[in-house]
Number of protein chains: 2
Amino acid sequence: MNDPIVASSPKKIRQNNEIAALRALHRAGRLSRADLARIMKLNRSSSGHIIAELTADGLVREVEEEEPVRKSHARAGRPGVLLELVPQAVLFVGIEIGVEHITCVEIDLAGTVVNVKTEPFDGPQHNAEKAIRHAIDLSLSGMPKDSLRRLEGVGISTPSQLSRDGTIHLAPLLGWKNVNLVELARNELPVKVPVMVENDANAFAIGAGYSGPELNEGVTLFVVMESGVGGGILVEGRLLRGAHGLAGEIGHMYIGGEAGSEQNLEQIVGLSSILSSYRAVTDRRGTSFDDFLADVRDRAPDAVSIAENWAKALGYALAQICRVIDADRIVLGGSVAKLYPLVAARLTAHMKSAQEPSFPLPTLLLNREAIYGSAFGAACMVHQRYLSPESNRFVGDA
Amino acid sequence: MNDPIVASSPKKIRQNNEIAALRALHRAGRLSRADLARIMKLNRSSSGHIIAELTADGLVREVEEEEPVRKSHARAGRPGVLLELVPQAVLFVGIEIGVEHITCVEIDLAGTVVNVKTEPFDGPQHNAEKAIRHAIDLSLSGMPKDSLRRLEGVGISTPSQLSRDGTIHLAPLLGWKNVNLVELARNELPVKVPVMVENDANAFAIGAGYSGPELNEGVTLFVVMESGVGGGILVEGRLLRGAHGLAGEIGHMYIGGEAGSEQNLEQIVGLSSILSSYRAVTDRRGTSFDDFLADVRDRAPDAVSIAENWAKALGYALAQICRVIDADRIVLGGSVAKLYPLVAARLTAHMKSAQEPSFPLPTLLLNREAIYGSAFGAACMVHQRYLSPESNRFVGDA
DNA sequence: AGTAATATGTTGCATTAAGATACAATTATG
DNA sequence: CATAATTGTATCTTAATGCAACATATTACT
């Protein structure tokens, strides 16, 4: 309704096309100029010009044919020389300020993780300014000057309500309120680079979408289940932020129960809830979630019953959510998601029973690689920005 | 993530800019060439060229100064000549095939309604083909040949699950299944124009967004309450369709109650439910919804109690929904929405009590002008398409 | 009233980027 | 070994925007 009101000019066309080329290369990995021309529906000569410029800028290079002679080209004609992004050309940093730790991730132009650092951190003990200083110190310490010059953006993720301009309204878990993280980070950074802030669950969704292109079509709900339960929504690859960056934050949805006795999702399917139920039925102290999983796997009745409750509550919630956003797929992540494969059929059954038969169910997927948490997603945000018309590559034009 | 991969060419630039100009004019009503240049961030000369082409195409004209001399220009300098869309240049038809009636709406290039026809129609009695034939007959009958030549699109709205290609999976209320409405309509139409199909609640949302530009920012949930309860979601002015076009279809969400005894939203806040509760407590037969409203207004205890129930269930549902999509605002429409102003405070209170205090509540709005139902929205869909790069104006280019 | 200031619309020219075409280079096919 | 197919590049054409200058129309100021 309101986007394409700003027009293009010859210069902007080239910019857009360079971006499109970078994105295509990012997605496909390696492409020839001719491939690129086909993808972008451009003439081969134009594609050549664009690549020439990007090569001059040091962002793209021809791949040196490692494999000496690659037979079986299958196709007649002169083979194209493959192009690829120059990973080292630029650098992006993602920072997750959590309640218990700070994680920093570095990714390169290709979106590959090149560095990870984690450190315990007592979030509620620090105010926002100290936390940011600490986090930026951690992320940039030991980074060679050369890398710092290649830094093109810093993304930050925190468990918080964010207004659209990057101000934290409220971060209950950290005890922060009304702070402009973007500003704080800009003041703390030794270089002037774009800074973006996002809710942790949303950052996670962006990161997951980055690793799985198939998640960028239609509507995808990401659910992260640890002690808390959060989530994010991707619509056609774009994050659905909502008015306060809280879209997808489903941990506090009410599950069953009449007024007064309501329980929220997090209180039923969260890690601490499962553990306390499990510890109540096993006499052993200090049993871990893995012990619980093992018991479920062995069909120990008490454990199975807890798992069944989990599946029921989660299924109910997911069905409700699908009534609202009609998701194509739901990705379950976080350590608690490891329970899913054991009760997949039950969860599906409960989802079915919470809808009319005619309502189509989404596909359920398990996310296995959430190793870097939302720090990776935070880095992806600035990577994404670099490959967009807002990129800082284009400073100094009308 | 995946849009700007297709590049622009000189020809396409002009097309985009023409579209942008048309949209700007549609939004603003009247603009000078200089205004347009500012809005589009273009040079005045470019803006002049673009307008020249659009004028030659008969889509834009200079407004003849009706007001003889408009003093108090307030600003020095030569006054610009105002431009406006030529409303009669093109025509769009929107058709709503409902369970009880068919409604047809014609809108012009300016988005103004120029014609409405409604007819009772027994949906379940007809198969899709007959219904479409009937609806198209109704909409085009009596239309002068000249108008038919100016027709640039037909939008159709039905209560149904739609796949992304325009096939109806299931329309329970109409008893249809697996029919491609787009194809049927194309076969029935005497002219070859774009045909678009959409779920009725979604079409309604699009139409509402068209009449209220402020609804196109952030996230807006539209709720339509008649006998059934449906809804649609607009995100930054774009419709959130979901996997099956069912996003926002909240009528079947469960409200409270344990498994087995669940009630869905429609069964509590829908018109028929209110009426039957009301008739149960008044001895009179055939009391109408307006009678009920009057009793609530007069604070008749029984009526107030029913209204309170309504507010509680709706408040609960809306709070749950906001947990998922974090809406900026919620627009209540349909005849039942007339109850809202009488219990606005109660509804807000119930929404508050169904969330933590820290969760920011959306603004609640009452939609008063849903006169044309979703037929208007269906027409808007094709209007929107005409003012987009997919427009048929650009047939015959690479 | 008369002049300066300001803004609009138009015109001619420069810039820029993409398209078209042709051609050399390189590979598979028969 | 000739032919077909495909790629990358060079040259020229086309088209759209930007720029600067100018005539025009209106307000503001002296």
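So you know, we letter chains A, B, ... as the sequences are listed, proteins then strands, and number each from 1.
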## Note on the structure
Here the distance between atom P of D/dT14 and atom NE2 of B/His49, to the nearest Å, is 18 Å

### Integer-rounded Å distance: D/dT7 C1' and A/Glu62 CD
12 Å

### Query
Hey, would you say the A/Tyr210 and A/His26 ring centroids sit under 6.0 Å apart?
yes

### Task
Determine: side-chain N/O of B/Asn17 to OP1/OP2 of D/dA16, distance under 4.0 Å, yes or no.
no

### Query
Under 4.0 Å: is that the gap between some side-chain N or O of B/Arg44 and OP1 or OP2 of C/dT10?
no

### Task
Describe the nucleic acid contact of B/Ile50 in one word from base, sugar-phosphate, nothing, applying a heavy-atom distance below 4.0 Å.
sugar-phosphate

### Message
Is a donor from one side chain sitting under 3.5 angstrom from an acceptor on the other, for A/Asn216 and A/Arg238?
### Response
no

### Query
Starting at CG of B/Leu31 and ending at C1' of C/dT8, how long is that distance when rounded to a whole Å?
14 Å

#### Entry: B/Ser46 side chain near D/dG18 phosphate (N/O to OP1/OP2, under 4.0 Å)
yes

### Query
Are side-chain N/O atoms of A/Thr220 and A/Arg329 paired as donor and acceptor at under 3.5 Å?
yes

#### Entry: Nucleotide D/dT17, atom C1' - distance to CG of B/Asn16 in whole Å
14 Å

### Query
Would A/Glu62 and A/Arg33 pass as an ion pair if we require N to O under 4.0 Å?
yes

### Task
Specify the separation, in whole Å, of atom CD of B/Gln15 and atom P of D/dT14.
19 Å

### Message
We want to know whether A/Ser46 and A/Asn43 form a side-chain donor-acceptor pair, criterion being a heavy-atom distance below 3.5 angstrom.
### Response
no

### Message
Looking at B/Asp57 and B/Arg393, is any side-chain nitrogen of the basic one under 4.0 Å from a carboxylate oxygen of the acidic one?
### Response
yes

### Query
How do B/Ser45 and A/Gly48 order along DNA chain D: which one's closest nucleotide is nearer the 5' end?
A/Gly48

### Task
Take atom CG of B/Leu82 and atom P of D/dT26, then tell me their distance rounded to the nearest Å.
13 Å

### Task
Starting from C1' on D/dG18, measure out to CD1 on B/Ile13 and report it in whole angstrom.
12 Å

### Message
Taking the nucleotide of DNA chain C with the nearest heavy atom to each, does A/Asn43 or B/Ser32 sit closer to the 5' end?
### Response
B/Ser32

### Task
Mind calculating the distance between CZ (B/Arg14) and P (D/dA15) to the nearest angstrom?
11 Å

Got a list of protein N/O to nucleotides 5-7 of chain C N/O distances below 3.5 Å?
| unit_1 | atom_1 | unit_2 | atom_2 | d |
| --- | --- | --- | --- | --- |
| C/dT6 | O2 | B/Gly77 | N | 3.0 |
| C/dA7 | N3 | B/Arg78 | N | 3.2 |

#### Entry: N-O pairing of B/Arg385 and B/Glu390 below 4.0 Å
no

